[in-house]
Number of protein chains: 2
Amino acid sequence: MGDGTERRRRSGGRAGNARRSSSDVISQAPWTLPINTDRPTEPLDAEGVEAIHNGAMRILEEIGIDFLNEEALALLKEIGARVNGSNVRMDREWVMEMVAKAPSEFTITPRNPDRQITIGGRTMVFGNVSSPPNYFDLETGKVPGTRKQCQDLLKLTQYFNCIHFAGGYPVEPVDVHARDRHLDVLFDKLTLSDKVMHAYSLGRERVEDVVEMVKIAGGLSEEDFCARPHMYTNINSTSPLKHDHPMIDGCLRLVRRGQAVIVTPFTLAGAMAPVTMAGAVAQSIAEALAAIALFQWVKPGCPCVLGTFTSNVDMKSGAPAFGTPEYMRATQMTGQMARFYGLPLRSSGSCAANVPDGQAMWETTASLWAAVQSGTNAVYHAAGWLEGGLIASPEKFVMDCEVLGQIIRYFDPMITATTPDDIAVDAIAEVGGEGHFFGIQHTQDRYETAFYQPFLSDWRNFEGWELAGGIWTAERAHRLFKEIVNSFEAPPMDIAIRDELADFVTRRKAEGGAPTDF
Amino acid sequence: MGDGTERRRRSGGRAGNARRSSSDVISQAPWTLPINTDRPTEPLDAEGVEAIHNGAMRILEEIGIDFLNEEALALLKEIGARVNGSNVRMDREWVMEMVAKAPSEFTITPRNPDRQITIGGRTMVFGNVSSPPNYFDLETGKVPGTRKQCQDLLKLTQYFNCIHFAGGYPVEPVDVHARDRHLDVLFDKLTLSDKVMHAYSLGRERVEDVVEMVKIAGGLSEEDFCARPHMYTNINSTSPLKHDHPMIDGCLRLVRRGQAVIVTPFTLAGAMAPVTMAGAVAQSIAEALAAIALFQWVKPGCPCVLGTFTSNVDMKSGAPAFGTPEYMRATQMTGQMARFYGLPLRSSGSCAANVPDGQAMWETTASLWAAVQSGTNAVYHAAGWLEGGLIASPEKFVMDCEVLGQIIRYFDPMITATTPDDIAVDAIAEVGGEGHFFGIQHTQDRYETAFYQPFLSDWRNFEGWELAGGIWTAERAHRLFKEIVNSFEAPPMDIAIRDELADFVTRRKAEGGAPTDF
């Protein structure tokens, strides 16, 4: 990059950016796909797993799931499910036979193949906050989301190496008409980021347009595209016990073309699910497996992820709570069930707090540790979420990324290595009972890589911190956010591809975009 | 309580307190000794455990530990240790034989037997912040500690049911002369709290005075006192590889009278210990076992706890860091070693943050989850710690107690129960695909106890939170702190005992208190 020819051919990168490089703003660990080496925390014994499984199967067999989708109902009649109106009851043998076809691990490859991610096995990947209608930062307070804010959050998504994939819109840009929103945001996403893309299953046009744009961005023929996963969708069932038309429609479109789907029932215990956590988990499993079984029937072996969004409500206000003890245990229990079914697991980085303060961090940290403990493979909303998902915040995004960086480092086996060099008896003998380890060769050889280096945590003593302004964490995060977005460099993209994307957006807008009657 | 006779006999309690009862300030879960039901996280395989053990034994055999205590040196000569000046090398066979005598579980019984705690097994108990020289609250900023602040923090220690034992001074009252400090603070501690007491091993007088005061407060004869643990001390080795005189002296005094000791090397990797975490753990184990073996020789079966304070330093500034990935793994590794030796484990709730903000909570929450994952039995500094232990903060105390309450609730097996009532297929059938679970009997029967009820977390939506003043967590914690201390009721104490304690303090002060040349 750098000569005139290339600058004509490529946008993004360092080209045309004379300001401070964003890569200089902070020093962060390189992109990696972390391997969760911990044995999962398993609160259920074998009988407990069997009890939840049996409960889920009884829900599917005796109570049934509503599919508000004619195509799904027709398909399910084919296999002999008991279809009564929109209610579908299916036998456990068939469900288990179908679920067994799903892979326990797969990859998704975005336009930059170096950003390929693995979903499943022991790999753990993180995505940004998705879909809040509102935005909060220390300057604006809480305001409805805009395209500019959405772009800023996409820049953070691209910038941080600990964020592996893009979720839905990091904030809903309500200043863009819903008819055109998916086109504008996908253009922004694909030009500002080279990470894995998501499509909302909100009607045929939104899914098909994203597919076309992902194909354009990746230079993929239809055959290339269908050959392996290049993108994904995430759907929520409408708990209790219901799958809406556009969600199933979007998934069917994607699985038929080999793309990935995440099925995430939104089962708040005490509201849309039983007040007992095992009951809420059983219902969540039934809702998820009903859809996953259908998708495996349609496209055997298609990549499906079991999502969990089981938490409790505040029984005083009915408001959802996140990162609670009940949330943690539900996530761990669902992890056990995911392994029982051989499916990858998705959970979330979530909190109920309204601002990026102490509560926000103990709730989010608890959610993220539950993700680790449960063996979660993909963590949605891992950075930037506030107010139970109603607010996206760039300060919270930066704060969460510090926590994610530490979790990724936590998985580095060098920390717990026990070779003779690690046990370091010779170094201990060298220092003996006097002096310290700062100066010895054993330390000098290792100190640059021995420990996690924070970019946001302030480890100075109080006086040093005060001398530097006495800035609390959220304000420090705000400053970093500004520095990062103001010096952001988009990843390289061929100008011809960028033009083709822009032309596609223009054409589709002229055609009327997508229906807004969803 | 309440009639005139009783008011003459008892101080504390509701007697004479016409203000709002502190028990009304918040609704908290009752006192309980939580059982950690999770399988520990174990980053080391059997070879790794053996490698650290072998490293620790080589340190003891080949490098040796300095005991700056003549009595200890004489005792260690008795058993044939190789004593060279203050350096002592001991054989692994003897160390392991001694360590095997230590109980893996024991109780400590304070003046109120209902506040007895268990240390060891799967029980997990929490103590307050100990020993910071400074105090921070949102009104005062950072200031040197005072007796008034120390009393306020003791009130929080007593008030919160999630705090099981008192540590050292929750803040150093530097307005009280060091000669008398232990007398005044112990009087405050014993009258403001009925939980398990601690003595600093800082010279004969300080230990013996605390012993006498604990005996007076509990109405214990010397024989009663020695019959089982009623108090404890915690010592730090002076890493690398050194035990100072007063620490060993205090422990010897206590173990001979059947009281508990915690031995906690302060092994900051890269400073007082190797830069490699396994090396820092090996050194920490060697330092701790050297002392514990001595104590078991002196008093076989005496209650000893393996403490860990292994973390890393910021290699830029040399400042200690806490709650880091390296800290978490070191704590987990030390947990594996504690189980290998059959010893209870102590770790900490710690952070490097200077104020009670987001960083403080992600670091502390990481420390506390490391405590859970490591199978820690006693968590020191579990509430109120800032700036690497240089600041005690009441706001941080209240915030930490919310996290501790959630951890205790997390251990409640009811969350993961899987009886048919929990799986709740009937309730799911009753609600079906329409409606919600709020109103049904299954929910009504359980909603009051189904979920953790926070006292500090604000789970309202943004608008509700804003209407209530838009108060960030630290400020909410400050208000709760004020309400609690202003309406605090001391636990009941017989007036005669209180008078005897006061007389003891007066007499000992007249005798000159304790030497200040430590």
Side-chain angles (χ1 to χ4, degrees), chain A residues 38 41 43 48 51 55 58 63 66 142 240-242 274-279 282-283 312 314-315 319 321 324-326 329 352 354 357-359 361-362 365 369 387 399 403 406 409-410 415-416 418 422-425 427-429 431 433 436 443 446-447 450-452 457 459 462 465 472-473, chain B residues 38 41 43 48 51 55 58 63 66 142 240-242 271 274-279 282-283 312 314-315 319 321 324-326 329 352 354 357-359 361-362 365 369 387 399 403 406 409-410 415-416 418 422-425 427-429 431 433 443 446-447 450-452 457 459 462 465 472-473:
Chain A
D38 286 356
T41 300
R58 285 189 55 204
I63 304 172
D66 276 335
K142 181 178 175 179
L241 307 180
K242 196 177 295 162
V275 73
T276 44
M277 299 316 290
Q283 181 184 315
N312 57 296
D314 177 1
M315 292 310 285
T324 61
E326 292 77 18
R329 287 303 196 191
N354 292 304
D357 64 356
Q359 179 189 335
M361 294 322 293
W362 76 61
T365 309
W369 278 106
E387 202 202 356
M399 292 162 71
V403 175
Q406 298 201 39
R409 164 72 186 175
Y410 166 90
I415 307 179
T416 53
T418 55
D422 295 299
I423 305 291
V425 174
I428 294 167
V431 174
H436 57 73
T443 305
R446 291 167 180 79
Y447 80 94
F451 308 134
Y452 177 77
S457 301
W459 287 349
F462 191 94
W465 169 82
W472 288 43
T473 302
Chain B
D38 285 358
T41 299
R58 284 188 58 203
I63 305 171
D66 278 334
K142 181 178 176 178
L241 307 179
K242 195 177 296 162
V275 73
T276 44
M277 299 316 292
Q283 182 184 313
N312 58 297
D314 179 1
M315 292 309 286
T324 61
E326 291 78 18
R329 288 302 195 190
N354 293 302
D357 63 355
Q359 180 188 333
M361 295 320 294
W362 77 59
T365 309
W369 278 106
E387 201 201 359
M399 291 162 73
V403 176
Q406 298 199 40
R409 164 72 186 173
Y410 166 89
I415 307 179
T416 53
T418 54
D422 295 299
I423 305 292
V425 173
I428 293 167
V431 174
T443 306
R446 291 166 180 80
Y447 80 94
F451 309 134
Y452 177 77
S457 299
W459 286 351
F462 190 94
W465 168 83
W472 287 44
T473 301

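Being a predicted model, the structure only gives us computed values, none of them experimental. So you know, we letter chains A, B, ... as the sequences are listed, proteins then strands, and number each from 1.
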B:Glu326 side-chain N/O to A:Tyr452 backbone N/O, donor-acceptor pair under 3.5 Å:
yes

So, the side chain of B:Asp357 versus the backbone of A:Trp472: is there a donor-acceptor pair under 3.5 Å, distance only?
no

Evaluate the criterion side chain to side chain contact (heavy atoms under 4.5 Å, CB included) for residue pair B:Arg446 and A:Thr276; output intermediate values, then yes/no.
CA-CA 8 Å; B:Arg446 291 166 180 80; A:Thr276 44; 3.8 Å; yes

Do B:Thr365 and A:Trp369 come within less than 4.5 Å of each other through their side chains, counting heavy atoms only?
no

Checking [X] against chain B: side chain, backbone, both or neither under 4.5 Å from a heavy atom?
X	value
A:Thr41	side chain
A:Gln359	both
A:Val403	side chain

Give me the atom names and distance for the closest heavy-atom approach of B:Thr418 to A:Gly48.
OG1-CA, 3.6 Å

Where is the tightest heavy-atom contact between A:Gly279 and B:Ile428, given as atom of each residue plus distance?
O-CD1, 3.9 Å

Mind checking what makes ring pair (Phe, Tyr, Trp, His ring centres under 6.0 Å) contact with A:Phe462, not counting sequence neighbours?
A:Trp465

Counting only heavy atoms closer than 4.5 Å, note whether [X] contacts chain A via side chain, backbone, both or neither.
X	value
B:Asp66	side chain
B:Thr324	both
B:Ala282	side chain

Contacts of type side chain to side chain donor-acceptor pair (under 3.5 Å), residue B:Arg58, not counting sequence neighbours:
B:Glu62

